[in-house]
Amino acid sequence: PWQISQLSSLRSIDLSSNRFSGDLPSSISSCQNLSSVNFSFNQFQGTIPPEWALLSNLSTLDLDSNTLYGSVPSAIANCSKLSVLNLQHNSFTGSILASLGSLARLTTLSLAGNRFSGPIPSSLFNSTSLLLLNLSSNDLTGSLSPFFGLSGLQQLDFGNNDLSGAIPPSLGNLSNLVYLSLSKNSLSGPIPLSFGNNLRQLQFINFSRNALTGDIPSSLLYSSNLQVVDLESNKFSSFSPSALGSLTQLRVLSLAGNFLSGTISIELGKLINLQSLDLSRNNLSGNVPTFVLSWKGLTSLSLSSNSLNGSIPEQLLELINLQTLDLGHNKLSGTIPLFLGSFSSLQVLNLSGNSFYGSIPPHLGKLLSLRILDLSEQSLSGSIPVEFSGLPNLRILSLARNQLTGSIPAAFSSLSTAELLDFSSNSLTGNIPVSMGMLQRLVQFSFSDNLLQGSIPPDLGNCSGLL
């Protein structure tokens, strides 16, 4: 209401986390003592009133998560006392104001999740006051300027834009960085060799989904505080794991989708707090690691789409907290070991695209937490274990392109959470069970290229997910 403008002594207004809508009130510009405005997590619409630039004492402006749009008024840079500017998760457009880099007290600038375009102003790279700079999830283009300022910066996120060019070596001089993300851009070239020499406070680094090339420098891993390293989906060709031994705090390591070759280094066994390891989609060879005794907290192991050979080692039984085991599309062979049925927390098991043979162990029916089971593209034979009907959380079951025989168990009607069933390209016989019509969540099924006969059960029309 306009009466708010009469509150001459008002210093702070906080309407956050409500359902307020409509335009932002321009009348508060009359509250000259106002230092903090927090309208975040509402449904305000429209633009930022240019009159707000008259709030000479404003230090915090938080408009996070509304439906605001348009450009940010250039006069907002006249609020010389501004220390926190949070406009993230709206629909602001235009270029980022270069004048924001001249705000000497600005410590937090978050413009993430908007539609800002154009290059990042070089003035922001020269700021000496910023502690947090988040420009992620916009439409920013161009290359990164040299980092001549930002000496106190602790969090930097430029992820999910369309930035290109090389990573400036000067980025490695930001010795106070704790969080660094340049993911989902078009950055190219190598990581500078000395990049991590000064980043001893770094806990989180994400350069995933770029076009970075060359070696992964060991200096990148010099910070003993590192907890997350994600370099997925680049073009790295080699990696020296010798520096890994000191990373006792590392929880997540993803080097998936690169051109790494050779065997999986035993140095990885020193990562005593590792929770997730993803080396999938590389050119790795040798065996599945047996040096897993220190990985007591590991919940996800993804080694798919490599050239690993041999069998699945029994040492994996040490991974008592494992939730995801993805060994698909390698050159593994032998029979599927019975001990895989002992992982009580396992939710995803993918062994597809290998050379396993023999029957499917009924013991896998003991994996009561299992959501995804993919045993497709093997040489498995025998019947489909009826024990699978007792998997209460199973959503995806793929047994396609094997040599399975026998009938489809009628008891599979109890798979009430099933969304996808693929039994195609086997030698299954008999009829499609009428009871399959009870699978209300079924979205896709394929029983093609088998020896099935009889009529298609009309009750399949009851599967509402197929409609």
State, to 0.1 Å, how close [X] and [Y] come at their nearest heavy-atom pair, and which atoms those are.
| X | Y | result |
| --- | --- | --- |
| H329 | N354 | N-ND2, 3.7 Å |
| L367 | L391 | O-CD2, 3.2 Å |
| S369 | S344 | OG-O, 3.2 Å |
| L346 | T324 | CD1-N, 3.9 Å |
| V84 | L106 | N-CD1, 4.1 Å |
| S304 | N330 | CA-ND2, 3.7 Å |

Heavy-atom donor-acceptor pair, [X] side chain to [Y] backbone, under 3.5 Å:
| X | Y | answer |
| --- | --- | --- |
| S123 | A98 | yes |
| S223 | R200 | yes |
| D374 | L351 | no |
| N114 | L87 | yes |
| S413 | M438 | no |
| D422 | S398 | no |
| N126 | T128 | no |
| D326 | L303 | no |
| N185 | L163 | yes |
| D230 | E232 | yes |

Sidechain N-carboxylate O distance under 4.0 Å for R401, E377: yes
SB check E387 K366 (cutoff 4.0 Å): no
Decide if atom [atom1] of [X] counts as having more than 12 heavy atoms of other residues, nucleotides or ligands within a radius under 6.0 Å.
| X | atom1 | result |
| --- | --- | --- |
| L317 | CG | yes |
| R395 | CZ | no |
| E314 | CD | no |
| R251 | CZ | yes |

Could you verify whether a donor N or O on one side chain and an acceptor N or O on the other, from [X] and [Y], lie under 3.5 Å apart?
| X | Y | result |
| --- | --- | --- |
| S186 | D162 | yes |
| S424 | D449 | no |
| N273 | Q249 | no |
| S110 | Q88 | yes |
| S40 | D64 | no |
| N309 | N287 | yes |
| S137 | N160 | yes |

Can you confirm whether [X] sits close enough to [Y] that some side-chain heavy atom of one is under 4.5 Å from a side-chain heavy atom of the other?
| X | Y | result |
| --- | --- | --- |
| T108 | N86 | no |
| P409 | S389 | no |
| T60 | L82 | no |
| N138 | F92 | no |
| F239 | L231 | no |

Angle between ring planes, [X] versus [Y], binned at 30° and 60°: parallel, tilted or perpendicular?
| X | Y | value |
| --- | --- | --- |
| F447 | F445 | tilted |
| Y179 | F204 | parallel |
| F147 | F125 | perpendicular |
| F195 | F207 | perpendicular |

Measuring from atom CG of L274 to atom OG of S300, what distance do you get when rounded to the nearest 0.5 angstrom?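 Separation between the atoms: 9.5 Å.
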Show, in sequence, the C-alpha distance, side-chain angles and deciding distance for I408 and L452, and conclude whether the side chain to side chain contact (heavy atoms under 4.5 Å, CB included) test is met. CA-CA 9 Å; I408 299 173; L452 299 171; 4.2 Å; yes
Do you know which of L221, L202, I216, L244 makes side-chain contact (heavy atoms from CB on, under 4.5 Å) with V229?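 By the side-chain contact (heavy atoms from CB on, under 4.5 Å) criterion, V229 pairs with just one of L221, L202, I216, L244: L221.
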